[in-house]
Amino acid sequence: MNSWQFNNGVLKTNVPPAFSLDACLSCGQTFLFTKTKSDGWHGAVNGKAILLKQQSDILYIENSTEEDIPFWHNFFAFDVDYAPLQTAFVKDEFLANAVLFEPGIRVLRQPFFETLLMFIISQNNNIPRISGIVGRLCEAYGTPVSYKNFSGHTFPTAQQMASCTVESLAFLRAGFRAKYIVDAVQCVTKGTVTQERLATLNTEEARKLLLQIKGVGPKVADCVLLFACGRFEVCPMDVWMMRVMQTYYPNGFPAEIEPFAGIAQQYLFHYARHNATLFDDKG
DNA sequence: ACCCAGGCCAGAC
DNA sequence: GTCTGGCATGGG
């Protein structure tokens, strides 16, 4: 188990074996951070501008206080021991390739509302354009924060967006997704769909509740359950993942992998993105 | 010009 | 219940 220390505005902790900050933040599960010219990651997260750095097995979080420790501990899911889990993964011939390709990945627990909107926005969309839309969203509704040479805006809370309408969101150029964003904001501010409420439900019920939001289908719902709610057994199914399951796991994941199917999926997703040709014509 | 993008909705069978 | 076209916009 890692332990945290605080000194002079900087949190630091020892990280688990093989942990890679770069891998965690660039493997496609989050868009909250931008890589700096040097070796760190800037972000407007947890209500402030922070700078994340990893040097060997130490993780530094600059511009923080001791009160931020629970947030980051939960964010990186340091309560989850990856050792037994990776042991199970590498016993599987297909999954072993993906894990060994980038063993530093961990599935994060990201803020709920941000994750919900991010994946609504990302449907049928490409990453550069997603970044543009989210940038405009934060600038308009978020809180300005800065640290050192970085200044940005936090991702807005649902409350900060409470008054938005399809018309007032036109500047986002989010296209048909604008009405989905409005409905998500309404559901969260009215308390119909909240992280607290989802936490009281089992995974199947939680999925059903998320599906009540317009523009949230099975894919987005599962991404929220996995990336924000820590339901690590949930495996978001895009067309590519469907093909992988049909080809390599026609009877589903092995029993020891199933409880962490979402984490397995993230290793596979990252592996596939960097080895696109390996996965053509498999199904 | 053309195709595609971590999908989803509405309407047609 | 399952399948298909259309969707807003912009990057490659």
Side-chain angles (χ1 to χ4, degrees), chain A residues 23-34 98 101-102 105-137 139-140 155 164-187 193 204 207-247 261-280 282-283:
Chain A
C24 290
L25 301 185
S26 64
C27 68
Q29 59 178 321
T30 178
F31 303 92
L32 298 178
F33 302 88
T34 52
F101 178 72
E102 184 42 271
I105 290 174
R106 298 175 71 85
V107 173
L108 308 170
R109 291 196 195 94
Q110 300 175 55
F112 170 71
F113 181 66
E114 312 184 11
T115 308
L116 174 61
L117 256 60
M118 286 297 316
F119 280 97
I120 286 175
I121 291 168
S122 44
Q123 67 175 260
N124 193 231
N125 212 341
N126 56 63
I127 297 198
R129 185 162 170 248
I130 295 167
S131 307
I133 294 170
V134 172
R136 291 188 286 278
L137 178 68
E139 205 172 320
F155 199 100
C164 76
T165 64
V166 173
E167 296 74 35
S168 73
L169 290 180
F171 73 98
L172 285 181
R173 284 169 279 151
F176 61 87
R177 304 167 193 82
K179 55 185 178 291
Y180 302 158
I181 294 172
V182 171
D183 195 50
V185 169
Q186 293 299 318
C187 287
V193 184
E204 195 184 336
R207 183 181 288 120
K208 205 182 285 182
L209 184 57
L210 281 165
L211 289 173
Q212 291 181 12
I213 302 171
K214 265 208 176 309
V216 173
K219 178 67 193 331
V220 173
D222 279 4
C223 283
V224 172
L225 289 173
L226 176 61
F227 295 126
C229 302
R231 307 277 178 130
F232 297 125
E233 81 279 18
V234 172
C235 184
M237 285 290 173
D238 57 9
V239 276
W240 180 83
M241 197 62 205
M242 295 270 282
R243 210 167 70 214
V244 168
M245 293 309 291
Q246 283 163 11
T247 309
I263 295 173
Q265 170 273 159
Q266 196 59 28
Y267 285 111
L268 291 168
F269 177 74
H270 184 255
Y271 185 46
R273 270 213 314 196
H274 292 265
N275 302 274
T277 56
L278 289 180
F279 297 91
D280 292 342
K282 280 293 186 185

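Within residues 177-187 of chain A, the residues approaching DNA chain B are A:Y180, by heavy-atom distance under 4.0 Å.
Classification of the A:Y180-A:F176 ring pair by plane angle, with boundaries at 30° and 60°, yields perpendicular. Using a 30° and 60° split on the angle between ring planes, A:F113 and A:F155 fall in the perpendicular class, above 60°.
For DNA chain C, the contact window with chain A, defined by any atom under 4.0 Å from a protein heavy atom, covers C:dC7 to C:dG11 in 5' to 3' order.
Although no hydrogens or angles enter the test, the distance criterion places no donor-acceptor pair under 3.5 Å between the side chain of A:S168 and the main chain of A:C164. Proximity of a side-chain donor or acceptor of A:Q123 to a complementary backbone N or O of A:G215 within less than 3.5 Å is detected.
Rounded to whole Å, the C1' atom of B:dC4 lies 15 Å from the corresponding atom of C:dG6.
Once the 5.5 Å centre distance and the 30° plane angle are applied, the aromatic ring of A:W240 is found not to be stacked with the base of B:dG6.
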Test side chain to side chain contact (heavy atoms under 4.5 Å, CB included) on A:M118 and A:I130; report intermediate values, then the result. CA-CA 8 Å; A:M118 286 297 316; A:I130 295 167; 3.9 Å; yes
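Note on A:F227: a base of the nucleic acid sits closer than 4.0 angstrom, heavy atoms only. Within 4.0 Å of A:V216, counting heavy atoms only, lie sugar-phosphate atoms of the nucleic acid but no base atom. Nucleic acid contact class of A:Q29 (heavy atoms, under 4.0 Å, all strands): none. Residue A:R173 is classed as a sugar-phosphate contact, given heavy-atom separations below 4.0 Å to backbone atoms only. Among the atoms of the strands shown, only primed sugar atoms or phosphate atoms (P, OP1, OP2) are found under 4.0 Å from some heavy atom of A:G215.
Between A:I213 and A:Q266, the residue anchored nearer the 5' end of DNA chain B, judged by the nucleotide with its closest heavy atom, is A:Q266.
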Expected output check: what is the dot-bracket annotation of DNA chain B, where ( ) and [ ] are pairs inside the strand (brackets for crossing ones), | is paired with another strand, and pairs are Watson-Crick or G-U under 3.5 Å? .||||.|||||||
